Structure formats: structure tokens, C-alpha cells
2 protein chains.
Amino acid sequence: MSDIQIAQQATMQEVSQLAEQRLGLAPQHLEPYGRYKAKVSLDVMTEMADRPDGKLILVTAISPTPAGEGKTTTTIGLSDALNRIGKQSLVCVREPSMGPCFGLKGGAAGGGYAQVVPMEDINLHFTGDFHAIASAHNLLAAMIDNHIHHGNELQLDARKIAWQRVVDMNDRALRDIVVGMGGTANGFLRQDRFDIVVASEVMAIFCLSNSLHELKQRLGDILIGYSTDGTPRYAHEIKAHGAMAALLKEALKPNLVQTLENNPAFVHGGPFANIAHGCNSVVSTKMALKLSDYVVTEAGFGADLGAEKFINIKCRKAGIKPDMAVVVATVKALKYHGGLALKELAEENLGALQAGLANLQKHLDNLQQEFGLRCVVAINHFVQDSDEEIALIENAVKQMGAEAILARHWAEGGAGAEALAHKVVAMLEQDSTACDFLYPDEMGLWDKIGEVAKRLYGADQVVAEKKVLDKIAMLNEQHGSMPVCMAKTPYSFSSDAALRGAASNHTLTVRDVRLSHGAGFVVVLCGDVMTMPGLPKRPAAERIDIDDDGTITGLF
Amino acid sequence: MSDIQIAQQATMQEVSQLAEQRLGLAPQHLEPYGRYKAKVSLDVMTEMADRPDGKLILVTAISPTPAGEGKTTTTIGLSDALNRIGKQSLVCVREPSMGPCFGLKGGAAGGGYAQVVPMEDINLHFTGDFHAIASAHNLLAAMIDNHIHHGNELQLDARKIAWQRVVDMNDRALRDIVVGMGGTANGFLRQDRFDIVVASEVMAIFCLSNSLHELKQRLGDILIGYSTDGTPRYAHEIKAHGAMAALLKEALKPNLVQTLENNPAFVHGGPFANIAHGCNSVVSTKMALKLSDYVVTEAGFGADLGAEKFINIKCRKAGIKPDMAVVVATVKALKYHGGLALKELAEENLGALQAGLANLQKHLDNLQQEFGLRCVVAINHFVQDSDEEIALIENAVKQMGAEAILARHWAEGGAGAEALAHKVVAMLEQDSTACDFLYPDEMGLWDKIGEVAKRLYGADQVVAEKKVLDKIAMLNEQHGSMPVCMAKTPYSFSSDAALRGAASNHTLTVRDVRLSHGAGFVVVLCGDVMTMPGLPKRPAAERIDIDDDGTITGLF
């Protein structure tokens with residue numbers, strides 16, 4: 001059965017009952033969106049401020065491959081399993097972006113028997129958060145061009161506008177555009193672009209803000225461009241932040257849905273993992289920690305990018321720390337890292353698997369030694385995996401100072417991840433020191449980049465052209481205390497996607513840096529960053545359909 | 001008090017109670033969006049197919065002026081008044097577009113003590129319908145450029161793409177743009193534009209469809225452009241309509257909210273009244289007629305445009321007819337039509353008023369004689385109006401064969417419109433012949449334009465350049481049975497906005513015609529049509545704000 005068929009057969013519990021019975025939320029805290037989705041009032045945070053936090057489990061992974069690792073399914077499956085073995089667990093994942101749903105990827109609400117539902121709603125529009133973010137973003141864009149059109153009091157330099165426009169669609173034609181054609185009534189001609197909405201700085205701000213107050217302040221701090229004399233100009237100077245925050249008022253409330261097994265799930269926020277930090281919202285994670293004994297969450301891409309930014313950016317700004325990490329690996333992906341081609345992955349190959357384990361080893365070393373974070377490896381099971389391959393991973397991981405547990409949640413739901421859940425509980429019952437940031441706030445930007453590159457990526461050196469070094473030095477003066485948001489290929493520890501396994505002794509080239517002043521980080525670009533995907537020759541949209549009764553097909 | 005202050009003081013009833021107690025809707029028919037908004041399942045239509053329809057009251061107006069007529073407030077006030085005098089009434093209005101909220105206009109959910117609430121939600125995002133419409137629209141746009149990029153099987157001529165993009169924002173910089181710059185990876189360079197979402201043909205289709213089935217069919221029928229050999233190409237040929245309909249699945253369900261006096265209101269759909277027909281959705285109007293004895297609705301602009309298109313387009317496609325019309329007039333606006341300047345309107349001026357009554361007379365004649373529709377005039381009261389001015393209108397309207405009733409709903413809510421409600425009920429209790437379309441389907445397009453221009457606008461003749469006449473003749477061959485959707489200035493019966501009162505013996509110039517193939521009408525452009533507004537020098541967005549508790553200010 002396809003994912004959507006499994007999802008459509010789910011028997012869902014009314015969200016009001018789920019909220020009350022499972023999270024102790026009173027009706028006044030809940031704003032239902034239909035019968036199976038609800039937003040939860042931020043008042044919960046104030047009322048429950050004195051409650052102790054639950055345990056935070058970060059699901060991360062080896063370097064991603066075309067073979068797929070199953071981070072989201074493992075996150076959902078583990079939470080279902082924790083609930084099955086009698087623990088109270090809440091899953092926190094990102095909202096899918098519609099654009100990719102219509103392209104290659106299909107839905108992004110888990111898969112197999114580890115999904116969040118209602119799947120179609122979550123993939124299409126959901127509770128409107130991304131639309132609200134796009135509206136706030138585009139309001140600011142319209143106000144900037146309008147400011148220039150009506151006299152340009154701030155003397156904005158039309159060549160140095162730092163704010164583009166967004167749409168939640170894979171639309172390559174909008175990557176590089178000219179706006180303001182058609183004469184004086186239409187404003188000034190200038191070059192512009194549209195990004196996909198998940199690449200919006202508003203999305204990053206939304207996901208990093210601890211409150212509506214902080215959200216508005218961060219929106220006001222967005223750098224919109226420079227005056228002709230070089231003065232940086234911010235969103236609050238054109239009075240856009242109040243209306244932008246008003247547009248995001250409802251969106252900021254966490255979305256409560258459920259897994260296929262009727263366990264609660266927060267699905268909230270979803271910034272790109274390249275030019276932003278790739279984690280669900282701070283408000284939903286922090287609320288989850290007040291509402292549940294165990295909170296299972298994930299971060300985008302492999303641990304070199306996802307876990308690093310989860311800890312160094314999200315946790316730093318939210319004042320939280322993960323209590324342990326689950327590192328997802330698959331036999332197929334490890335063989336791919338061991339050098340096999342995609343079409344060779346279905347066959348047993350212990351040599352390739354052994355070679356590919358270097359990738360897992362490096363991620364484990366990073367998490368355990370550099371961050372001081374306890375780890376367990378989850379082997380996300382595929383039907384083609386041989387017993388010998390599984391055993392090989394289990395033995396190898398033991399020698400890495402950790403344990404690997406086979407998990408069959410994709411095929412079996414929470415029951416398939418019970419062993420993993422038992423292990424997680426056992427590990428969390430032992431005392432442990434808190435995980436550390438990789439670098440302190442007061443370290444300079446260039447040194448922060450070096451820490452990440454050398455300690456996590458295995459680079460020998462970091463280089464950049466003089467103009468980039470100058471830009472970093474300039475940003476360092478005003479914004480040196482910000483964390484760095486690394487943007488590089490997720491497919492390799494290096495900046496060369498072709499280098500599988502555990503690339504080492506490589507040189508990391510910093511191509512450019514960008515200030516996300518409102519979000520509060522400096523984006524470090526090590527390679528090309530795509531902020532607007534395109535559709536493939538046969539987009540998924542062609543297969544998506546709806547019948548007269550409203551049943552959707554073709555999402556997967 | 002400002003509109004938003006009045007709205008925020010409202011004591012709202014839970015929407016589930018409102019639905020059950022006032023409309024007899026069972027919980028399974030309702031999908032709550034928060035506690036005060038809900039979508040109503042289209043299954044209601046099937047289950048209640050045998051019920052008799054209620055009475056349909058169309059609120060329309062004299063030609064609009066900067067002084068304002070108050071069509072929406074009268075619609076809401078009349079429905080509140082009908083409920084006050086013991087009748088069951090449901091109001092059906094359009095959803096506001098966010099763009100204008102941030103520009104000059106502020107909110108569009110009524111005003112004073114005649115509003116629909118929650119006002120902030122209705123003005124900002126509401127239940128996400130417009131976002132869904134924008135997504136469906138932009139998905140088709142992305143798929144068109146993607147089709148051209150990946151081999152262009154349909155041989156689409158990039159110079160003849162008939163489908164642009166949309167955003168719900170007043171953004172003049174997007175009126176005329178170039179897309180696809182930046183090299184081969186970004187597709188083919190071509191000129192394009194963004195319209196505001198209410199100008200989207202998807203919006204018109206959405207509002208004219210009787211079912212999800214019809215919606216999908218009409219989406220598939222959208223003309224996307226022409227092949228290099230001149231063949232028209234449609235959305236279904238690039239398989240976009242299924243995914244577009246899936247995106248609109250939830251949106252198509254009518255939105256139930258309430259008036260300040262806790263009476264039910266459907267707020268659903270909102271196509272532009274110039275290049276589209278300017279009425280709320282057919283599904284909400286038809287559902288309302290099953291659920292309520294009286295249904296009060298409105299149509300955009302004055303009766304020459306709004307009522308004409310309501311009857312000739314919406315009613316024709318929905319198979320419904322209004323039972324009577326309420327024509328809204330104000331002392332100020334009539335004096336403006338009588339030749340006064342804006343700053344002179346506050347002072348009594350019986351001469352100007354008398355002269356301006358010609359505008360009202362022509363609208364009444366049109367409705368009563370050309371459409372055969374019963375009418376009552378509602379004088380929407382302003383504090384500056386003198387008793388003599390009111391009396392003058394009352395007497396004049398009597399001589400026009402109708403009655404004028406003073407209505408004070410803006411200041412007094414439903415209580416201020418009770419006299420109007422009594423008159424409406426009395427008129428509807430008398431037998432009447434059904435109102436007529438102005439022209440039959442089988443009349444040719446050019447003759448249809450002539451019927452509207454000569455009988456309603458008072459034009460002597462209709463003219464067009466040869467190339468426009470040729471285009472009309474060409475469209476007439478395939479699409480001659482479609483109604484015409486007139487797009488001209490709303491400020492005059494003529495195509496010259498400066499001609500106030502009841503312009504007659506003028507010449508109507510048809511500048512161009514456009515086929516809205518999916519919506520099923522031919523747009524007749526008599527003058528410039530703005531499909532993307534701009535923001536003013538001091539946009540309302542600058543004043544909109546939100547405090548730490550989530551209270552929004554500055555919407556008005």
C-alpha cells in the first residue's frame with residue numbers, strides 16, 4: 001500500500017480528546033482546525049512554566065544519500081514505540097513545504113506505518129502557517145518597493161536591496177527576474193528573485209522565536225538593504241514589523257496532530273536546512289517539553305549539518321539541550337557510502353558496507369566526543385537487508401562505543417521500534433553530563449567556521465577569497481557574537497558532494513557569507529545554495545488528483 | 001470607537017452552537033477553525049436537496065463614489081434586522097482580500113455596528129481560502145513554464161502564454177516583470193506579471209462552481225496559451241487540474257461566522273468585480289438558501305455592474321434568481337452625483353441632491369423594468385444628513401415607483417434597520433414574477449454587449465476597433481453562448497468615470513475582450529482594468545500592530 005492509502009485507512013481520534021487525554025490540555029487552550037488538527041495557545045507556556053522539562057531526544061542521521069535514511073519515520077516510529085512501552089512521548093517534526101509535494105518528493109509526513117495524519121492536510125496548506133509566513137515576507141517586499149516609489153526617504157539603494165520575494169512552489173522561472181517594468185506607475189526597475197517560502201528568513205525567525213514579543217522584535221531587525229551611503233536599513237525603519245507579526249499571530253501557535261497510532265505530534269515550522277537551521281519551531285519544542293516526559297524531534301540533513309545547527313543555533317537561542325541522540329543509518333545508504341552505485345544497493349555486499357561505516361563512525365565521534373552527547377544508532381530496516389549485514393553494523397557500532405538497534409517501524413509501526421525505545425529509556429535513566437556547544441558566543445566568526453570545519457567536517461584548512469575574508473571581518477565587528485549557519489552540501493563531510501564516506505584532510509572553501517540579522521545568525525556559504533527548486537519533467541502534480549467525494553490520490 | 005474596537009468588544013457565540021441552534025447543522029457537518037469560524041461540509045447540499053429554497057435578497061447600490069455607500073454594512077444590518085423581527089436570515093458576503101487591508105482600505109468585514117466577526121481573522125488569512133486559490137493558480141503557472149523548459153511537447157508559444165501569476169498583496173513592482181533570467185537552468189526568458197489573487201480566474205471558477213466535480217472540470221478548461229501554430233491549449237493538457245482541485249478541496253466549503261449580533265453569516269469567495277463577476281461563491285449562496293428562510297447577499301460596485309453580473313453570470317450558472325433587490329443610496333453620494341465636490345458633501349444641498357437622484361432613478365429603472373426585479377431603496381444614514389434631504393429622497397423614490405427606507409444599522413446595528421426589514425418581508429410576501437436575464441445564451445457576444453450597453457448603461461452605440469471586432473467574431477464561433485463579463489469604470493454609467501449622475505447618449509468603446517474559458521465568460525474591457533493595486537505613500541500596514549498578548553490594532 002502507498003503511504004497515502006495507509007494514511008487514509010487510519011482511525012483518527014478527535015484532536016480535542018487527544019489533547020485532553022494525552023497532554024492534559026483544557027479546551028480553552030485549543031483552537032481546532034477541523035476535527036483532527038488544532039493549534040495550541042501559547043498561554044500554556046506561561047501556565048506551565050514551573051513544570052520540569054521532559055527528556056529531549058534528537059533524531060539525526062548519517063550523511064544523506066539517494067537511498068534514503070528515514071529520519072522522519074524513525075522519529076515518529078520511536079515516539080510511537082515509547083508510548084507503546086508505557087512512556088508518555090510527544091513527537092516534534094517540521095511542516096512539509098508544498099512546493100516539493102508537487103515536484104519529486106511527494107509528501108513529507110513520514111512514511112509506511114510511521115506517519116503523522118491527516119496526511120493530505122499536513123502536506124497541503126495544513127493550518128496555513130507557511131502561507132502566513134509567505135504573506136509576512138511579501139508584505140515587507142511590497143513595502144520596500146513602495147518606499148522607494150514614494151520618495152525613498154531612507155535613500156535605499158535599489159541595487160542593494162537584501163530582501164527578495166517568496167512563494168511556496170518549485171518555480172525555476174522565478175529564480176532570477178526583473179521587476180518594476182512598465183513605466184513610472186510601476187516603480188523602479190530592478191533585478192529580484194523569488195525563493196521558496198522555507199528559505200525565507202521569516203521562516204527562520206518564526207522557528208527561533210520564544211514568544212510573540214521576540215518574533216516581532218526579530219522581524220523588525222531584518223536587514224532590508226543599504227542606503228546609498230552604505231548605511232544598513234532594517235524592517236522596523238519602514239514600520240513593517242507590526243503588520244508582519246500580526247500576520248503571524250495564529251501561525252506561531254504549535255500545531256497538534258497525531259501519529260497513525262493515535263499518539264500526539266507537534267508539526268510546526270520548517271526552515272530550509274541549508275541557508276537556515278532546518279529544525280521545527282522553538283515554541284513547539286519547548287511546549288512539548290512541558291507537556292510530555294519524552295520529546296522526540298529531528299533536524300535536517302546528516303548530523304554534520306542538522307545536529308550541529310540544532311545544538312549550536314536552535315538550542316543556544318532557545319536555552320534547551322538534547323539529552324541524547326538517535327543516529328539513523330540504513331544498510332543501503334552505508335553501502336552507498338562504501339562506494340556502490342545505486343543499482344547495486346539491493347545485493348548483499350559486506351565489503352562496501354564495512355567501508356561505508358566510516359561515515360557513521362565520524363558522525364558518532366562528532367556527537368559523542370565533540371558535543372558530549374549520548375548516542376544510539378537506529379538501523380532503519382529495509383526488506384532487502386541481510387542478517388549478515390545487520391550483524392556487521394551491530395558489531396562495528398559496538399567498537400565505536402555505542403549500540404545499534406534494528407528498527408522496523410516503517411513496516412510495523414511503533415511495535416517495530418520497541419527495542420529502540422527500551423534502549424533509549426535505559427540510556428536516559430543513567431546520569432549524564434549535558435551536551436556542549438561547539439563554540440562560545442564570544443569566539444570570532446572566522447574561528448567559529450574553523451571549529452566546525454576542522455572538528456566536525458575533518459577539514460585541514462578553511463580558505464576564502466580576500467573579499468569574503470573582508471566581509472567576514474566587517475560582519476565580525478557588529479555581529480561577531482552570532483552563531484554561524486553553515487550551508488554546504490549534505491552529501492559529504494567536505495564541500496564536494498562526490499566524496500562519500502568520511503572525507504578528511506580536505507579544504508573547505510567559504511564562497512560567501514550572508515547576514516540573517518533578524519534570525520540572528522551569519523550564513524556561511526560553502527558551495528552553491530539553491531533557494532528555489534524546480535519541478536522535474538514529470539512532476540508529482542501530474543499524478544495528484546481528487547475524486548467527486550473529495551478523496552485525494554497521488555500524494556505519496 | 002473604531003471598527004476594530006467595536007469588533008473586539010463583541011461577545012461571540014461558539015460556532016458549533018451557532019450552527020446547531022440557528023441552522024440545524026449537526027456536528028459532523030462542521031469543521032471548526034478555531035472557536036468562532038467553521039467550514040460547512042458540502043454534504044449538506046446533498047442531504048437537504050429536497051428542502052425548499054429561502055428568499056434571496058440582493059443588496060446592490062447606486063454608482064459608487066468616494067463618499068461611500070455602505071453596501072456591505074447594509075447587507076449585514078438588514079440580516080440582523082430580519083433576525084430581530086423574528087425571521088430566520090443568513091447573510092452571504094465576500095471574503096476580504098488581504099492586499100487592500102495593508103493599503104488604503106483597511107478591513108472589509110462591514111463597519112460600525114454592522115460587522116461580521118472575528119474581524120481580524122476574517123481580514124487576515126481567515127480560513128486560508130485565498131491562499132489555496134493562489135497556490136492552485138501558481139501551481140499551474142509553474143507547470144506551464146516547467147512544460148516549456150522540459151521539451152515543450154505542446155509547442156507552447158512563450159509569447160502567447162495566457163496565464164500569469166498571483167499574490168495576495170498590493171505590489172505594483174510585480175505588474176510587469178521578466179522571468180526566466182539567469183541562463184538555461186532557469187527556463188526561457190519571457191515577459192510576465194503578477195495579479196492580485198482576487199483577479200485570478202481560479203477565484204472566479206471557485207465562486208461559480210456548483211460542486212467539486214464542476215470545479216475540477218472548469219480548472220481543466222482554463223486556457224493557458226497557444227501553440228506556435230495557434231492551437232489553444234488548456235490546463236488539462238498539462239495535467240494540472242487534479243492537483244489544483246486537490247489544493248481547493250477544503251477551501252470550497254463555505255465559511256460560517258457570525259455578525260456582531262450573533263446571527264449566522266457565510267463569508268466565502270471574493271472575485272474582483274471588474275475582470276470577474278464580483279459575487280460571493282455559488283456554493284455558499286445555494287447552501288444558505290437551503291438553511292435559511294431569508295438570505296441577504298450583495299454584489300460588487302453599483303447595480304449597472306454588480307447586479308447585472310450577479311444575475312446574468314452568477315444566477316445563470318447557479319440556476320438561482322433573486323427575489324428582490326435592496327438599492328443602497330446615501331445623501332452624500334447622491335449629492336456627489338449631483339455635481340458637488342467631496343468637501344461640500346457635509347452641508348445640506350437639496351438642489352444637488354435632486355440632480356443626483358438621476359443616478360438612483362436609472363438604477364431603479366434598470367432593475368425594475370429591464371430585469372423585472374422588485375426593489376426597495378435603503379438610505380444608509382450618516383449623521384450629517386438633514387431631515388429635508390431624507391424627505392426629498394423618500395418623495396422622489398415614491399415617484400420612481402418604489403419606496404425608500406431610512407436605515408441606521410451603522411450606528412445602531414440591526415435595530416436601526418428594522419423598518420427596512422419589515423418592508424422587505426412585506427414585499428416578499430406578495431406574489432411576483434421571477435426576474436429575467438437581460439439576454440439569452442444563444443444571443444451573439446456582440447449583441448450581448450449591445451444589450452447591456454444600451455438598455456442598462458444608456459449608451460447610444462457600442463464601438464470597437466477592427467481587430468477587436470475580429471477577435472469578438474472569432475470568440476463568438478466557439479464561445480458565443482457564454483455570458484459577457486463587463487469591465488468598465490464603476491463610477492459612471494458610461495466608460496468615462498467623470499460623467500456622474502445618469503450619463504446617457506454616450507458611446508461605449510470596447511477596448512479588448514479576453515476569454516475566461518474555465519470560468520465560462522468573455523471579459524469585455526471598456527477602459528483600463530487594474531489587476532494589481534499599489535500601496536499608498538503611507539500604507540495602512542504601517543499602523544497595524546500587535547501587542548505581546550496578541551491583540552491587533554490598526555485594522556479599521
Side-chain angles (χ1 to χ4, degrees), chain A residues 31-35 98 102 120-121 124-125 128 131-132 135 138-139 141-143 145-146 149-151 167-182 185-187 211-213 216 239-240 242-243 245-247 249-250 534-535 537 539 541-542 544-546 548 550 552 554, chain B residues 31-35 39 98 102 121 124-125 128 131-132 135 138-139 141-143 145-146 149-151 167-182 185-187 211-213 216 239-240 242-243 245-247 249-250 534-535 537 539 541-542 544-546 548 550 552 554:
Chain A
E31 293 179 47
Y33 278 62
R35 267 174 288 166
M98 280 199 310
F102 300 119
E120 305 95 310
D121 297 27
L124 305 176
H125 308 308
H131 291 311
S135 299
N138 290 334
L139 172 62
M143 288 178 79
D145 278 307
N146 191 58
H149 178 70
H150 286 297
V167 66
D168 194 5
M169 199 57 66
N170 290 10
D171 195 347
R172 69 172 63 75
L174 297 178
R175 284 176 187 156
D176 193 350
I177 65 174
V178 170
V179 300
M181 301 208 315
N186 298 351
S211 64
L212 188 56
H213 176 87
K216 191 168 91 178
K239 302 188 183 70
L247 279 168
K249 172 193 172 196
E250 296 302 314
L535 292 172
K537 186 172 169 77
E542 291 184 359
I544 296 172
D545 201 2
I546 186 166
D548 293 351
I552 293 174
Chain B
E31 292 179 48
Y33 278 61
R35 265 174 289 167
K39 284 202 164 276
M98 280 200 309
F102 301 118
D121 296 27
L124 305 176
H125 308 306
H131 292 311
S135 299
N138 290 334
L139 173 61
M143 289 179 78
D145 277 307
N146 191 59
H149 179 69
H150 285 298
V167 65
D168 194 6
M169 200 57 65
N170 290 10
D171 195 347
R172 68 171 66 73
L174 297 178
R175 283 175 188 157
D176 193 350
I177 66 175
V178 170
V179 301
M181 301 208 315
N186 298 350
S211 64
L212 188 56
H213 175 87
K216 191 168 91 177
K239 301 188 184 70
L247 279 168
K249 171 194 172 196
E250 295 303 314
L535 292 172
K537 186 171 170 75
E542 291 185 359
I544 296 173
D545 202 2
I546 186 166
D548 293 352
I552 293 174

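In what follows, chains are A, B, ... by sequence order, proteins preceding strands, each numbered from 1. Bear in mind the structure is a predicted one, so any value in this text is a computation, not a measurement.
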### Task
Counting only heavy atoms closer than 4.5 Å, note whether B:S211 contacts chain A via side chain, backbone, both or neither.
neither

### Message
With side chain to side chain donor-acceptor pair (under 3.5 Å) as the test, pick out the partner of A:R172 among B:N146, B:N186, B:D145.
### Response
B:N146

#### Entry: Option that, when pairs with chain B are counted at under 4.5 Å, heavy atom only, ranks first among A:N170, A:L535, A:V167, A:I552
A:L535

### Message
Quick check on A:A541 against chain B: is it the side chain, the backbone, both or neither that has a heavy atom closer than 4.5 Å?
### Response
both

### Query
Non-hydrogen atoms of chain B under 4.5 Å away: do they reach the side chain of A:K537, the backbone, both or neither?
both

### Task
Heavy-atom pairs under 4.5 Å with chain B are the metric here; pick the option from A:G128, A:P32, A:G180 that has the most.
A:P32

## Note on the structure
Max heavy-atom pairs within cutoff under 4.5 Å with chain B, candidates A:G554, A:A185, A:P539, A:A240, goes to A:A185

#### Entry: Among the listed options B:A141, B:G151, B:A243, the residue most often paired with chain A at heavy-atom distances under 4.5 Å
B:A243

### Message
Between B:L212 and chain A, with a heavy-atom cut-off of 4.5 Å, which part of the residue counts as in contact: side chain, backbone, both or neither?
### Response
side chain

### Query
Would you call the rings of B:Y33 and A:Y33 parallel, tilted or perpendicular if under 30° counts as parallel and over 60° as perpendicular?
tilted

#### Entry: Distance in Å, A:K216 NZ paired with B:D548 CG, rounded so as to fall on 0.5 Å steps
6.5 Å

#### Entry: CA sep, side-chain torsions, deciding dist, call: B:L139, A:M98, side chain to side chain contact (heavy atoms under 4.5 Å, CB included)
CA-CA 10 Å; B:L139 173 61; A:M98 280 199 310; over 6 Å; no

### Query
Considering only heavy atoms from C-beta outward, does the side chain of B:I177 approach that of A:V179 to under 4.5 Å?
yes

### Query
Can you say whether A:H125 sits under 4.5 Å from chain B via the side chain, the backbone, both, or neither, judging by heavy atoms?
side chain

#### Entry: Proximal component of B:M169, with respect to chain A [non-hydrogen, under 4.5 Å]
side chain

### Query
Looking at B:A246 and A:L124, what are the two nearest heavy atoms and their distance?
O-CD1, 4.2 Å

#### Entry: Leading residue by heavy atom contact count with chain B [cutoff under 4.5 Å; candidates A:G182, A:S135, A:A245]
A:S135

### Message
Please classify the contact between B:K39 and chain A as side chain, backbone, both or neither, with a heavy-atom cut-off of under 4.5 Å.
### Response
neither

### Pairs of heavy atoms under 4.5 Å with chain B: top-ranked of A:L174, A:L247, A:D121
A:L247

### Task
Could you tell me which of A:A132, A:G187, A:G534 has the largest number of non-hydrogen atom pairs under 4.5 Å with chain B?
A:A132

